[in-house]
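First the structure, in the form of structure tokens, and then the observations on it.
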Amino acid sequence: MKKSVMRLFVFIFVSLVSLLMISTMNAEEIVAAEEPAIRENSFQSDCPIIRAERPFHFTAVIESISKTEYRCRLIVPNDGTRFKETKITQSDDGFSKHVWEVVCAVPGQKDFTLELFTGDKTVQKITVSQTVLPPRKIETLDSIPAPKPVATKILVGAHNCPLWETEHASLWNQVVHKHQERTPALGIYSQDNPEIADWETKWAVEHGVSFFIYCWYRTSQGKAVETKFEKSVFDNALFKSKYGNMMKFTIMWENQSIGSSGIADEKDLMENLLPYWIEKFFKRENYLKIDNKPVLFIYRPEVVSSDLGGDDKAKAAFEMMREGCKKAGFDGLYLLGEYRGTDPNVLTRYKNFGLDYTFAYCWYVPNSPPPNTVIETQLNYIRKTQEMHDIIPQVVTLSQAWSGWHDEGSIWKLPPADFETLLRKGKEFIETNIPKNELGNKMIILDNWNEWSEGHYIAPYREYGFGYLDAVRRVFSDAQEQHDDLIPSDIGFNTYDLPQKMFENRTSWNFIDDNPASRIENNYQHWSPMMNVKDFRIENNRLRFETTTNDPAIRVLQKRTPALNFRNVVVRMKTNSTKNERLQFFWKTETAQDFNEIAKAETTVYPSENFADYSLDLSQNANWNGRITELRFDPVMSSGVKVELESIRLE
């Protein structure tokens with residue numbers, strides 16, 4: 001009897017295990033079968049800004065798995081908009097390109113939809129929204145027409161992000177590969193062109209923006225001033241532009257890179273940095289000065305204290321800077337310190353530094369909320385800061401949106417109508433609450449003019465056109481609402497796009513390149529720092545950087561790379577670490593949109609003075625599947641390690 005029961009138990013157990021295995025196999029088969037037979041790979045117009053009655057093209061790139069037959073159609077606004085399919089091209093790798101010529105009949109915010117079918121079944125529907133401007137005849141001109149500034153009762157400034165240069169073209173990847181709706185009216189441009197500065201000046205002053213706050217980056221702490229991004233945005237563009245003097249500018253000292261972007265000591269500040277600013281910037285006619293005092297924004301005031309060895313020394317240094325400006329012919333120097341919180345201890349410290357005002361670069365709004373919550377959250381920050389006015393006064397900042405550089409954390413955006421609501425409430429707050437003798441009553445800061453990849457911008461672009469700038473004009477200017485927003489194509493100009501091949505999706509990166517021109521063109525072949533690395537550069541045919549904590553990482557975007565096409569990643573690398581390290585390789589997919597510990601491969605890195613190949617078997621991880629949207633590489637797990645890469649390749 002006992003043996004029979006035992007046999008029955010074994011039979012049931014084996015049966016359950018078998019059923020579980022079959023269920024698991026079926027589940028795996030179902031998961032695999034969920035890979036769509038066809039899918040949209042790209043769907044966008046060829047014009048970042050559309051005009052009514054002016055032909056343009058919509059292009060859809062369709063991926064057909066196993067050459068599945070499909071149909072697609074373009075759905076346009078039912079307002080007289082006309083279209084026709086003009087071209088279909090197919091490639092051997094299963095991709096087809098469909099092109100439609102479209103002519104919009106009337107201006108406004110318009111939706112365009114791509115619908116994909118297999119048989120009679122709709123398998124995918126994608127809608128993009130884009131502003132259509134009023135019709136306008138093309139006038140072929142030799143130069144950009146002069147701006148027509150509008151007056152405002154308050155100075156309206158906007159942070160200007162100067163990262164968009166050829167040698168750092170990978171910073172555009174978030175826009176090119178993921179957020180085409182953010183494409184600027186100028187195209188995917190390099191800022192080292194005076195015409196870029198002229199268009200920006202024209203669009204800014206014609207909508208009431210009277211000054212830019214350019215991020216300014218030092219790279220040579222403790223010696224003669226060296227910088228990054230400065231030459232392209234100032235020397236090659238703004239200072240050579242035709243209309244640059246028609247608006248003011250100032251700088252924000254981006255001093256957060258410890259050991260390179262700040263000051264080595266008091267002598268470095270007073271003999272290197274301040275004289276450089278005075279001669280290159282402050283003395284320029286169009287540098288922002290109020291009461292004959294240059295206005296300087298400081299991103300991390302507390303780092304000045306760290307650099308000099310104490311808050312009292314920072315206070316003394318700031319006072320010496322004011323005296324240095326007086327000796328140069330000014331009446332002093334306005335110093336504004338960045339802070340996006342409401343801790344009175346931080347504001348008290350800023351007061352003790354001797355700063356004149358506090359400001360926020362942007363406001364943190366948690367939990368990816370709807371527009372009404374975004375507006376109220378920002379106003380609450382501003383109200384609470386004003387309640388601590390006796391500690392230090394503020395200059396108000398209003399933020400349009402936020403996504404982070406890789407869509408991390410809280411993500412939100414105010415459409416133009418909601419942004420206008422925020423502007424009106426911010427303006428009313430200033431007029432009602434901030435004393436008239438203070439800088440905060442004379443100016444307001446908008447965040448941001450052109451942080452395209454970080455997700456906050458008010459400059460004209462594909463999705464909403466001039467919507468944000470028109471809101472600024474309506475709120476802060478008494479000029480008539482009817483006006484002419486000019487774009488490059490209106491005067492026979494092209495957009496200023498960088499070569500498309502600079503942004504091609506890669507699965508192999510070889511940093512050894514004997515052609516310097518090609519090396520610049522490829523920049524870092526789309527790899528960029530993610531966290532805790534410094535001195536990131538290509539030098540002597542290597543991608544080099546140094547780790548700053550035990551959790552360093554670099555990353556690269558992918559445009560739906562099929563995981564199953566590759567089994568391994570091979571990294572050719574050397575480090576100066578004297579101990580065994582762990583190399584880790586993470587990935588994101590369309591369905592798993594965060595880096596995590598279950599989607600990674602790792603191996604040991606041994607101390608060596610020579611380059612070594614490290615091969616990681618990705619196929620052994622069940623999560624290496626679907627479409628890869630981003631890769632992350634953690635070379636070691638120690639701080640202070642110098643890393644050199646010759647190549648990274650999927651194979």
Is there side-chain contact between [X] and [Y], with heavy atoms separated by less than 4.5 Å?
{"X": "Leu335", "Y": "Arg322", "result": "yes"}
{"X": "Asn448", "Y": "Tyr361", "result": "yes"}
{"X": "Glu165", "Y": "Asp192", "result": "no"}
{"X": "Trp405", "Y": "Leu171", "result": "yes"}
{"X": "Phe234", "Y": "Phe229", "result": "no"}

Ring center gap for Trp449 and Phe212 short of 6.0 angstrom: yes
Distance flag, aromatic centroids of His483 and His207, threshold under 6.0 Å: yes
Using 4.0 Å as the upper bound for N to carboxylate O, is an ion pair formed by [Y] and [X]?
{"X": "Arg51", "Y": "Asp490", "value": "yes"}
{"X": "Glu323", "Y": "Lys326", "value": "yes"}
{"X": "Asp331", "Y": "Lys289", "value": "no"}

Partners passing side chain to side chain donor-acceptor pair (under 3.5 Å) against Glu139 (at least two apart in sequence or in another chain): Arg136
Establish, from distance only, whether the side-chain atoms of [X] and [Y] form a donor-acceptor pair under 3.5 Å.
{"X": "Asn450", "Y": "Asn160", "value": "yes"}
{"X": "Tyr496", "Y": "Trp199", "value": "yes"}
{"X": "Arg54", "Y": "Ser489", "value": "yes"}

Derivation and outcome, ring pair (Phe, Tyr, Trp, His ring centres under 6.0 Å), residues Phe58 and Phe83: CA-CA 9 Å; Phe58 253 103; Phe83 72 100; over 10 Å; no
All pairs passing side chain to side chain donor-acceptor pair (under 3.5 Å) where residues 433-445 contributes a residue, at least two apart: His389-Glu438
Residues Trp277, Trp253; criterion ring pair (Phe, Tyr, Trp, His ring centres under 6.0 Å); working and verdict: CA-CA 10 Å; Trp277 283 340; Trp253 179 17; 5.2 Å; yes
Spacing of SG belonging to Cys215 relative to CD1 belonging to Ile251, to within rounding of 0.5 Å: 10.5 Å
Straight-line distance of Gln394 CD to Ile445 CD1, nearest 0.5 Å: 10.0 Å
Ring pair (Phe, Tyr, Trp, His ring centres under 6.0 Å) contacts touching residues 284-304 (sequence neighbours left out): Phe249-Tyr287, Phe282-Tyr287, Phe297-Phe359
Residue pairs involving residues 369-382 (criterion salt bridge (Lys or Arg N to Asp or Glu O under 4.0 Å); sequence neighbours excluded): Glu376-Arg383
Pairs involving residues 460-471, ordered by first then second residue, that meet salt bridge (Lys or Arg N to Asp or Glu O under 4.0 Å) (sequence neighbours left out): Lys413-Glu463
Mutual orientation of the aromatic rings belonging to Tyr468 and Tyr461 [parallel < 30°, tilted 30-60°, perpendicular > 60°]: parallel
Partner set under ring pair (Phe, Tyr, Trp, His ring centres under 6.0 Å) for Trp412, not counting sequence neighbours: none
